[in-house]
Number of protein chains: 2
Amino acid sequence: MTTRHSERTSTASGVVIDLSAAIVTVTDEEPKILLVRPADMAPRPGLPFGPFDPTGHRTLEEGLRAWVEEQTALHLGYVEQLYTFGDRFRDPKERAGGPRPVSVGYLALVRQTALKDAGDSIWGDWYRYFPWEDWRSGAPTIIDSLIAPALTEWVDSATSKPDRNRRRERVNLAFSLGGAAWDNERVLDRYELLYEVGLVFEASFDAGADPSDKLAGTQTHTGAALTKDHRRILATAMGRLRAKIKYRPVIFELMAPTFTLLQLQRAVEALSGGRLHKQNFRRLVAHEGLVEPTGHISGQTGGRPAELFRFRREVVHERPAPGVRVAVQVSKRAG
Amino acid sequence: MTTRHSERTSTASGVVIDLSAAIVTVTDEEPKILLVRPADMAPRPGLPFGPFDPTGHRTLEEGLRAWVEEQTALHLGYVEQLYTFGDRFRDPKERAGGPRPVSVGYLALVRQTALKDAGDSIWGDWYRYFPWEDWRSGAPTIIDSLIAPALTEWVDSATSKPDRNRRRERVNLAFSLGGAAWDNERVLDRYELLYEVGLVFEASFDAGADPSDKLAGTQTHTGAALTKDHRRILATAMGRLRAKIKYRPVIFELMAPTFTLLQLQRAVEALSGGRLHKQNFRRLVAHEGLVEPTGHISGQTGGRPAELFRFRREVVHERPAPGVRVAVQVSKRAG
DNA sequence: AAACTTATACTTAATTTGAGCATATGTACG
DNA sequence: CGTACATATGCTCAAATTAAGTATAAGTTT
């Protein structure tokens, strides 16, 4: 216990560090995530990633940028480290004796204009993988039709009473089934719950089940699957982004240089998964000094033309928490 | 570009993953950090850490807990992953051909009662390493006497005008020299700025300077130093904890099972580095349902005896963001 | 008993938030 | 040309929250 600080080089064997990127953009009021098409080995699409090279990469982030530029011909602007994933058996190949992969996950934001489609990378609709997260037109039907009943059954099937209570609390907290307000930031909580209950494809796949089995019967899987644990990384990214919007002006990383206030509002709504009160939204961004008018007018609206605005970068130095601190209105769940 | 997803094992060579822990407690209204005494090789104390063992450790967090228990005989309760550090030359030994260390940093909270002093681990005063962060009795003198002048000089010494402006903005943002309100969460920003300007010991040490040089003349180094980049990890932990207190009831991880409201307030103040308005603080914790009275009375106050309270765990399931959302009053800077 | 320390209840004004009304200014289409 | 419709924008209003007190209670210290 005294010599523990002496030279301790790689006693650890077989660690590989992967750098993974959840690259987000918003086009046509829809949030998108950059995916690479499945290669021969991978049956499902996944996030772009590549191994960290300690000799070539000065920093982790630099390594990530290099990989992404090579794989997708995309130059990343805003990049933020999310989380480092290192649980055993994140990659099923590990069971067969593969090395232990540790992934450092990143969130990156790029503007719509930057999408050059480079071969085998594509923009995937974010809510295709998380259909229960989009409340913009009311409560997602999949919750009432599929998720809620299955979760209730899972709660009831607990063997002991304290266990049942724990399960109920967890369900209520994640999916607000107990009447609480929907918390749009708990994306990861919800995904992990669905995984544990077996409601997402990855769960049964990771458990080694033949996927065609369950799918043959009733539809019990929700949302489209990604390879390995990439959907979990994406859930982490969504939650972080939804939280960050509220206190940092990151939304402007996704906007064109000039935009109308409605375009800005729609972008926030797309990411947040709920609707905003229009007048209050305008009051907020104006009062917080987040934007300034350009004097130009947009003609694209189909109604009264809107003024074009631009982001006021100076706001970062003026206010402690500049961001779109707006309450997301989420229509009450039916029933 | 098409085969990039095929088997790509460790082309990366010489990566070692370290797990580091910033273990925080509060005793006698002072925040403390657990440090391990310098061994022969390390000239300064540092955070407890150990290598990640992919064969033995099921998860990263489990690996961290195992290391800490082994090194300090401390069982960790609340643990949260902070950030993964991988910049080149974080450890000066790397220049001499050592392996590239990547550290996954964690924040852990333990209660005062849990401190068993196990041999060569000690509790260090948190503000000894960051004297400019404690505003509880007004603006720290070190800012006006040392930091502000040095930063101003650094701003003025910029060669180009845009460069000077960038420096000024950065200084104003981090240390609120431009009249803005002090933001107690920007701990990392401030440390990194001081590092870059050369005001912390680690900067000149990492640059290879003989430390006795500078110290011989005027005192230009602020705060006590830690080994390698552990002070940076600690800064990250402080910032995260200060932020988290406001929206999650993590403060109770540091409190005894029952406590008076003033004890609770002092603990929050100790971590936040500022004073709170007493009456509003009580109204807040009561109104938020964070605590409930035990019916018992504390006799230790030296004034009117206070009622003892306990944390209401249920609050987590009731409110979206339970936490001590209180504006930290920071006395205005002198001058 | 007087001075001091801490606890706790209550007041008040300013600010922020949530929701909506009213009106302006354009397009689409009969 | 006129009516319906869509969007933009200014403004009001009540409720809730926040910041900063005053007032009083209930102990300890000297």
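None of the values given here were measured: they were computed from a predicted structure. By convention in this document, chain letters (A, B, ...) are assigned in the order of the sequence lines, proteins followed by strands, and residues within each chain are numbered from 1.
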For the pair made of NZ in A:Lys246 and P in C:dT17, what is the distance, rounded to whole Å?
13 Å
In this structure, CZ of A:Arg282 is separated from NE2 of A:His287 (nearest 0.5 Å) by 16.0 Å
Which distance, rounded to the nearest 0.5 Å, do you find between the CH2 of A:Trp126 and the CE of A:Met238?
4.5 Å
A:Thr27 and A:Lys32 side chains, donor-acceptor separation under 3.5 Å:
yes
Are OP1 or OP2 of C:dA7 and a side-chain N or O of B:Lys278 less than 4.0 angstrom apart?
yes
Side chain of A:Leu262 only, please: which of D:dA8, C:dA7, D:dT9 is the nearest?
D:dA8
A:Leu261 CG to D:dT7 C1': how many Å, rounded?
12 Å
Between A:Leu193 and A:Leu151, is a side chain to side chain contact (heavy atoms under 4.5 Å, CB included) present by the stated rule, with each step listed?
CA-CA 9 Å; A:Leu193 180 57; A:Leu151 290 179; 4.2 Å; yes
Would A:Lys246 and A:Glu185 pass as an ion pair if we require N to O under 4.0 Å?
yes
The contact string for nucleotides 21-30 of chain D, one letter per nucleotide 5' to 3', using protein heavy atoms under 4.0 Å with B, S and - for base, sugar-phosphate only and none, comes out as BB--BBSS--
What is the distance, to the nearest angstrom, from the CG atom on B:Leu308 to the P atom on C:dA7?
11 Å
Of B:Phe309 and B:Arg283, the one whose closest DNA chain C nucleotide lies more 5':
B:Phe309
For B:Arg275 and C:dT6, give me the distance from atom CZ to atom P, rounded to whole Å.
11 Å
Please identify each residue that fulfils side chain to side chain contact (heavy atoms under 4.5 Å, CB included) with B:Ala235, with sequence neighbours left out.
B:Phe130, B:Val187, B:Leu188, B:Tyr191
Checking B:Arg242, B:Arg186, B:Arg128 against B:Glu133 for salt bridge (Lys or Arg N to Asp or Glu O under 4.0 Å), the one that qualifies is B:Arg242
What is the distance, to the nearest angstrom, from the CZ atom on B:Phe281 to the P atom on C:dT8?
13 Å
D:dT9 P sits how many Å from A:Leu264 CG, rounded?
13 Å
Between B:His287 and A:Arg282, who's closer to the 5' end of DNA chain D by nearest nucleotide?
A:Arg282
From CD of A:Gln265 over to P of D:dT7, roughly how many Å is that when rounded to an integer?
12 Å
